[in-house]
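So the structure is just underneath, and the comments pick up after that.
Values below: all heavy atoms of this structure, side chains included; hydrogens, waters and symmetry mates excluded.
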Amino acid sequence: MADDGEKREASAQQHGENGDDDAAAENQALSKRQRKKLLKQQKWEGDRELRKQRRKERKQQRRVQRQNCEEEEPGDDAQSARKRPRREMTPSSLRLVVDCSFDSLMLLKDVRKLHKQIQRCYAENRRAVHPVQFYLTSLGGQLKQGMDEKDKGWVNWKDITIKTEHYSKVVAKEDLVYLTSDSPNVLEELDQKKAYVIGGLVDHNHHKGITFERAKELGIDHAQLPLSSFVKMNSRKVLAVNHVFEIILAYQEKHSWQEAFFTVLPQRKGAVAVDKDGTTVQEKEEEDSGSEPDPDTTEQTEKRT
């Protein structure tokens, strides 16, 4: 019996040594990156309770802060203060329509860009001083499928009218004005009774003039924003859907096209202010400084030549 016990003990010891050897061999087989990852995972598991306790403490702190705020502003005043918007809003009767009938003309990546631009329009309109009546028409195809997959909350959007029908079936024809950079008509003022249509198309100029042609086919009014009268850009005049949308929102607040343009246009467009005579601010400064060249500079230039 004693011999059997000694044998079992020796076997267990040998097994333990073999187990240690296996663990050491396995550890050596792991790369340095894998060992770091394993240690990080072990630390994460070990700190689980600590993280739980910290979350509990932060939750308690927030509860105390809310209670203190309610004590400082008791009753309905405290609740209304929390719900009060940052800026007073006065809804506008102006209608802005994003025409999504160009779905079949766009690649999937461009449809996704359009989706993001529409999201931006919705967000900006919700926080605008004078939010417009926002319409999304001809919604379907790739765009709707992408919205269903990537942005399921769109079905709960507020203060927006979303239709599968074409805008000409939603708004009276005499109220429509298509905003297109190819139109010869320049929009000087916004008519609050009109519905301004923005083409929901991201095509990198592959279908140049298509929105203008569509407007003429339907026999509706069309116009372009007065961009050239106030701004000179080093890129094409075609703007993204959200840029046109935001410019109109800004104009309603500031009542100045130039301020609206420079509030919204991205720096990459290289926008420069233009005077009434068509000269840029930089050109005017150069004229005011005198056309006589600096003799020292001219002499140095001639030497380099």
| field | N/O donor-acceptor pair under 3.5 Å between Asp203 side chain and His206 backbone | value |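 Side chain of Asp203 to backbone of His206: a pair is present.
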| So, the side chain of Asn185 versus the backbone of His222: is there a donor-acceptor pair under 3.5 Å, distance only? |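 Side chain of Asn185 to backbone of His222: a pair is present.
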If Ile, Leu, Val, Met, Phe, Trp and Tyr residues are connected whenever their side-chain heavy atoms lie under 4.5 Å apart, and connections chain through other members, are [X] and [Y] in the same group?
X: Leu225; Y: Phe212; value: no
X: Phe262; Y: Ile247; value: yes
X: Ile210; Y: Val241; value: yes

| said: With side chain to side chain donor-acceptor pair (under 3.5 Å) as the criterion, how do Thr211 and Thr180 come out once you've worked through the C-alpha distance, each side chain's angles and the decisive distance to 0.1 Å? | reply: CA-CA 6 Å; Thr211 54; Thr180 168; 3.0 Å; yes
| message | Using the side chain to side chain donor-acceptor pair (under 3.5 Å) criterion, which residues pair with Arg58? Sequence neighbours excluded. | response |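 If we apply the side chain to side chain donor-acceptor pair (under 3.5 Å) test to Arg58, skipping adjacent residues, there are no hits.
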| message | Using the side chain to side chain donor-acceptor pair (under 3.5 Å) criterion, which residues pair with Tyr251? Sequence neighbours excluded. | response |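 Checked Tyr251 against side chain to side chain donor-acceptor pair (under 3.5 Å); matches are Glu189.
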| message | Tell me whether Glu213 is salt-bridged to Lys216, with the criterion being a basic N under 4.0 Å from an acidic carboxylate O. | response |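 Looking at Glu213 and Lys216, the cut-off is met.
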| said: Filter on salt bridge (Lys or Arg N to Asp or Glu O under 4.0 Å), then keep only pairs touching residues 163-187, sequence neighbours left out; what's left? | reply: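 Applying salt bridge (Lys or Arg N to Asp or Glu O under 4.0 Å) to every pair that reaches into residues 163-187, excluding sequence neighbours, yields Arg95-Asp175.
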Are [X] and [Y] close enough that some pair of their side-chain heavy atoms sits under 4.5 Å apart?
X: Val98; Y: Thr137; value: no
X: Ile198; Y: Val97; value: no
X: Leu96; Y: Asn125; value: no
X: Phe261; Y: Pro226; value: yes
X: Arg33; Y: Leu38; value: no
X: Asp221; Y: Tyr196; value: no
X: Val231; Y: Leu265; value: yes
X: Glu57; Y: Gln53; value: yes

| query | Would you say the side chains of Gln41 and Glu45 form a donor-acceptor pair under 3.5 Å? | reply |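 Yes, a side-chain donor-acceptor pair sits under 3.5 Å.
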Just list the side-chain donor-acceptor pairs under 3.5 Å for residues 102-111, sequence neighbours left out, or say none.
{"residue": "Asp103", "atom": "OD1", "partner": "Gln142", "partner atom": "N", "Å": "3.3"}
{"residue": "Asp103", "atom": "OD1", "partner": "Leu143", "partner atom": "N", "Å": "2.9"}
{"residue": "Asp103", "atom": "OD2", "partner": "Gln142", "partner atom": "N", "Å": "2.9"}
{"residue": "Asp110", "atom": "OD1", "partner": "His204", "partner atom": "NE2", "Å": "3.0"}

| field | Pair listing, ring pair (Phe, Tyr, Trp, His ring centres under 6.0 Å) test, anchored in residues 127-148, at least two apart | value |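 Non-adjacent pairs meeting ring pair (Phe, Tyr, Trp, His ring centres under 6.0 Å): Phe134-Phe245.
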| Arg51 CZ: over 12 foreign heavy atoms closer than 6.0 Å |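 Yes, the 6.0 Å shell around CZ holds more than 12 heavy atoms from other groups.
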| task | Please round to the nearest 0.5 Å and tell me the distance separating atom CD1 of Ile248 and atom CD of Glu124. | result |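 These two atoms lie 13.5 Å from each other.
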| field | Gap separating the CG atom of Leu201 from the NZ atom of Lys113, nearest 0.5 angstrom | value |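 Taking CG in Leu201 and NZ in Lys113, the distance rounds to 12.0 Å.
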| said: Give me the atom names and distance for the closest heavy-atom approach of Pro131 to Met89. | reply: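 In this case the closest contact between Pro131 and Met89 is CD-CB, 4.4 Å.
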For residues 151-161, please give each side-chain donor-acceptor pair under 3.5 Å, one per line with the distance, not counting sequence neighbours.
{"residue": "Asp151", "atom": "OD2", "partner": "Gln119", "partner atom": "NE2", "Å": "3.1"}
{"residue": "Trp154", "atom": "NE1", "partner": "Asp148", "partner atom": "OD1", "Å": "3.0"}
{"residue": "Asp159", "atom": "OD2", "partner": "Arg126", "partner atom": "NH1", "Å": "2.6"}

